[in-house]
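Structure record follows, encoded as structure tokens.
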Amino acid sequence: MAMRRPTFDERAVAPHLAFLDELRASGHLEMTGGFSDRTGGAYVLVNLDSLEQAQAIAARDPLATLGTSDLTVHEWNTR
């Protein structure tokens with residue numbers, strides 16, 4: 001989950017979307033979307049070996065590396 005910081009910079013959106021495209025192409029992105037109130041968004045990662053792998057991927061997200069959003073990773077048990 002990515003939550004925008006008060007200092008969010010819209011210039012981070014394009015690199016973030018390119019990052020998501022790369023994840024999708026590698027078979028690791030199931031779905032993504034922004035929250036309707038524009039406070040952030042979330043994406044669902046799949047085909048990973050561990051929670052640590054998901055955390056490492058999120059740490060590479062331009063929203064995180066550019067410091068515009070706070071990213072948290074949650075393991076989600078679906079049914």
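What you see is a predicted model; the values in this text were computed from it and never measured.
A cation-pi arrangement is present between R4 and F8 under the rule of less than 6.0 angstrom and at most 45 degrees off the ring axis.
Between L23 and L45 the shortest side-chain heavy-atom distance falls below 4.5 Å. Counting heavy atoms from C-beta on, the side chains of M1 and L71 never come closer than 4.5 Å. I57 has its side chain within reach of L48: a pair of non-hydrogen atoms, C-beta onward, lies under 4.5 Å apart.
Distance OG1/T68 to CG/D9: 7.0 Å, rounded to 0.5 Å. N47 contributes atom CG, which lies 9.5 Å from atom CD of Q53 (distance to the nearest 0.5 angstrom). The CD atom of E30 lies 9.5 Å from the CZ atom of R24; values are rounded to the nearest 0.5 Å. Atom NE2 of H74 sits about 10.0 Å away from atom CG of L51, to the nearest 0.5 Å. To the nearest 0.5 Å, atom CZ of residue R5 and atom CG of residue L66 are 10.5 Å apart.
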task = Check the pair V46, L29 against side-chain contact (heavy atoms from CB on, under 4.5 Å), reporting the backbone distance first and the verdict last.
result = CA-CA 6 Å; V46 294; L29 184 64; over 6 Å; no
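Nearest heavy-atom pair across P62 and P15 is CG-O, 3.5 Å. Considering every non-hydrogen atom in both A59 and T65, the closest pair reads O-CG2, 3.3 Å. Across L63 and D61, no two heavy atoms sit closer than the pair N-OD1, 2.8 Å.
The aromatic rings of Y43 and F19 stand perpendicular to each other, their planes meeting at an angle above 60°, with 30° marking the opposite boundary.
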